There are 2 protein chains.
Amino acid sequence: MTKSGRATLAQVAELAGVSVMTASYTYNRPERVSDQARAKVLAAADQLGYAGPDPSARSLRRGSTHALGVVMGEHLSYAFDDPEAVSFLAGIADVCADRGYAMTILPITGGADDVPRVKGAAVDGYVVWTTADDDPVLAAVQAMRRPAVVHGGPAVRGLGLVTVDNRAAAAAVGAAAFAGARRPAIVSFPLSRDRVSTVTRGDRITDVLFPVTRERLEGYRQAAEDAGTDWGDVVVGVCARNDAAEAERVAAALLAAPDPPDAIAAMSDQQAAGVVRAARDTGRRIPDDLAVTGWDDSAVAASLGLTTVAQSLREQGAACAVAALGRPRHSRGAAWSVVRRASTRPLSGASG
Amino acid sequence: MTKSGRATLAQVAELAGVSVMTASYTYNRPERVSDQARAKVLAAADQLGYAGPDPSARSLRRGSTHALGVVMGEHLSYAFDDPEAVSFLAGIADVCADRGYAMTILPITGGADDVPRVKGAAVDGYVVWTTADDDPVLAAVQAMRRPAVVHGGPAVRGLGLVTVDNRAAAAAVGAAAFAGARRPAIVSFPLSRDRVSTVTRGDRITDVLFPVTRERLEGYRQAAEDAGTDWGDVVVGVCARNDAAEAERVAAALLAAPDPPDAIAAMSDQQAAGVVRAARDTGRRIPDDLAVTGWDDSAVAASLGLTTVAQSLREQGAACAVAALGRPRHSRGAAWSVVRRASTRPLSGASG
DNA sequence: CTGTTAGCGCGTTCAA
DNA sequence: TTGAACGCGCTAACAG
């Protein structure tokens, strides 16, 4: 036994009276070892309480860990509070379980030691959940020179990217949200990692560092302008997180303003659910008094009858994992579609 | 560079014109190296594209990985479909993020190679999600001789255990479920890992290999007998998984029987939600025609007004992680309580 | 089928 | 403050 109380393969071999390689083969290529030798090795291992080759030593020797690193952005524990993030993880898990890879979720907290933590994890590749352009974790992943895929964005040189066309999807669902509306508004994800929550107007928004948020805002802007409203007249409630409760508060604030919106495009079904609650609390009917759209087509969208963007985070997670375990290819273009339900007004026939 | 295209610390040291240890100190104890030497090392590292010490080599040398292994039982991807399991993972994530540990979820599939997969993961300790007495993964974890904690059960020699007193909690919530009932029934988790779904009676159930299921059945049995019903007269619908849709089908079957139940105790709020749907579909009022109880006090319990057992899987996950990262102590006795809502009949004043 | 050699990349130890 | 040697535990490659 070593000082740590753990037996080594060499000790097992010695006790069994065989060479170390015979012992190693017993675990790695049992068919190449005589039954007799194998039995001796296993008996010795049993006697010493040897549980098999040490995984770290094996990884060092083999040059691969059989583990996929997952970087969930900001604070790790939030990932499990966001149902869409959980779907994404499920997709990764599907692939990992299938290929026998461990799924190593890296402990991001938003603090200064995120980078050493990412660099210190023994993994063969990385999947990075949507983050901001200036997230230092991206450079850390890039520096590791292993296969890596970013979900959502930003695009990073050398890393793969799996995402839907957020701008086009936002324009499409925004068209449904803002059809026949005179005062369109937006409930948005945060603009940058400092996650300040604020109410502003379209033309006062600059420096959006989360690419997903930026692209969706661009799509909504186009939809608003197509519907005849200036971007400067579109009120945007920016939330700190993707969360129904906060969206409800922000929506309540918007609806209490002197010139309240009659259509709100949110960035997730969670947020849209909060908007719906705020609308009901102020006695508004949906969609007549307020049209609402979400994003993701989750269970809550179906139950509330929300018009939304359907996409499969689970499939996207799986695609990320597959790419990160092989050659990452830039594969812009996950599937999406707009699901029209009763939370929006009918589109007017012609656009003129 | 090595053949794998990756620079080593030795190469960095050579290029920088310093010894390997100076380069190593640059990364591990920067304060012990002169600014000058450190600058040379970092410049060389930059030039070679060296991303820092190799995690596997470092783990081997240090004897620790800074990663916590998580074994989620059966098929890994189901874990993300069960909201309570996700809460549990969130609790583990809280602790891991706090202590800078990676959270390595091991790829269990229910197949023969689960054991090598568990033994092959480079982790410092294990948290094992509730499983069956005969799950070979338990012996594998035990053989690793590292700190390990089982959630729920079974109790394994040498491993910690974090759980509520399922028997007592089931007896308590069962008392609420079966108060004033003449034909109590149960919707149960699976009995063993083969997960057969079946409808049976209490006295025909033997060999329950999932200890959590077994203990809850014992508690429900006590509650049924206290309410004056023989265990042999209690119908038990066994589901293959913890899932609202399956519970709904099973409940529908129970309710369609000649002598249908007037009270159903389920084993999760998910299941109870399915039972509620089945009850509504057959025009039953709750609790007058059918009393229903769940377990977990999740969001759905509140929204449906379910009487249920409150426990915090998140806290239990955190407790498991803390124990698995330190000395595991047998700590039976996570907190629980019964939350009474409108899905059950009032308890009769006296018992007699 | 079994053994020998030679490291994988790093960090502790001890000496300078 | 820096350096040299050694081994963490294992396995690929090559004999025999």
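Residue numbers begin at 1 in each chain, while the letters A, B, ... track the order of the sequences. Quick caveat, the model's predicted, so the values are computed rather than measured.
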Partners passing ring pair (Phe, Tyr, Trp, His ring centres under 6.0 Å) against B/Tyr25 (at least two apart in sequence or in another chain): none
Closest to the B/Ala37 side chain, choosing from D/dA12, D/dT2, C/dG9: D/dT2
Taking five pairs at each end of the helix from C/dC1-D/dG16 to C/dA16-D/dT1, what angle separates the two helix axes (nearest 10°)? 30°
Kindly write out the residues that satisfy ring pair (Phe, Tyr, Trp, His ring centres under 6.0 Å) with A/Tyr50, not counting sequence neighbours, or none if the list is empty. A/Tyr27
Please identify each residue that fulfils ring pair (Phe, Tyr, Trp, His ring centres under 6.0 Å) with A/Phe80, with sequence neighbours left out. none
Contact check, residues 17-27 of chain B vs DNA chain C, heavy-atom distance under 4.0 Å, returns B/Met21, B/Ser24, B/Tyr25
Anything under 3.5 Å between a donor and an acceptor, one on a side chain of residues 36-45 of chain A, the other on a protein residue two or more places apart or in another chain? List them.
| from | atom 1 | to | atom 2 | distance (Å) |
| --- | --- | --- | --- | --- |
| A/Arg38 | NH1 | A/Pro30 | O | 2.8 |
| A/Arg38 | NH2 | A/Asp35 | OD1 | 2.8 |

Starting from C1' on C/dC10, measure out to CZ on B/Arg62 and report it in whole angstrom. 9 Å
Applying salt bridge (Lys or Arg N to Asp or Glu O under 4.0 Å), can you list everything that pairs with A/Asp133, at least two apart in sequence or on another chain? A/Arg214
Shortest non-hydrogen contact from B/Ala140 to B/Val115? CB-CG1, 3.9 Å
Look at the side-chain N and O atoms of A/Ser56 and state whether any lies under 4.0 Å from the OP1 or OP2 oxygen of D/dG9. no
The correct set of residues in residues 114-124 of chain B placing a heavy atom under 4.0 Å from DNA chain D is none
Greater than 12 external heavy atoms within 6.0 Å of A/Gln142's CD: yes
Checking A/Asp134 now: which residues fulfil salt bridge (Lys or Arg N to Asp or Glu O under 4.0 Å) with it, not counting sequence neighbours? A/Arg193
Which part of the nucleic acid, if any, lies within contact of A/Arg38, taking any heavy atom under 4.0 Å across all strands shown: a base, the sugar-phosphate backbone alone, or nothing? nothing
For A/Glu14, does the CD atom have more than 12 heavy-atom neighbours from other residues, nucleotides or ligands under 6.0 Å away? no
Measure from CG on A/Asp35 to P on C/dC1 and round the result to the nearest Å. 9 Å
How is A/Glu31 classified with respect to the nucleic acid when contacts are heavy atoms under 4.0 Å: base, sugar-phosphate, or nothing? sugar-phosphate
Nearest-Å distance for atom pair CG/P, residues A/Asp54 and D/dG9: 7 Å
What is the distance, to the nearest angstrom, from the CG atom on B/Leu60 to the C1' atom on C/dC8? 9 Å
Mind checking salt bridge (Lys or Arg N to Asp or Glu O under 4.0 Å) for B/Asp81 and listing every partner two or more places apart, or none if nothing turns up? A/Arg314
Separation of D/dA13 C1' from A/Asn28 CG (nearest whole Å): 15 Å
Using whole Å, what does the distance between atom P of nucleotide D/dT2 and atom NZ of B/Lys40 come to? 8 Å
Of the listed nucleotides D/dT2, D/dT11, C/dG9, the one nearest the side chain of B/Thr8: C/dG9
Scan B/Leu9 against the nucleic acid and name what it touches under 4.0 Å (heavy atoms): base, sugar-phosphate only, or nothing. sugar-phosphate
D/dT11 phosphate, OP1 or OP2, under 4.0 Å from A/Arg58 side-chain N/O: yes
When all nucleic acid strands are considered with a 4.0 Å heavy-atom cut-off, which category describes A/Arg32: base, sugar-phosphate, or nothing? base
Between atom CZ in A/Arg61 and atom C1' in C/dG9, what is the gap in whole Å? 11 Å
Among all residues two or more places apart in sequence or in another chain, which pass the salt bridge (Lys or Arg N to Asp or Glu O under 4.0 Å) test with B/Arg195? B/Glu74
All pairs passing ring pair (Phe, Tyr, Trp, His ring centres under 6.0 Å) where residues 87-120 of chain B contributes a residue, at least two apart: B/His66-B/Tyr101, B/Phe88-B/Trp129, B/Phe88-B/His151
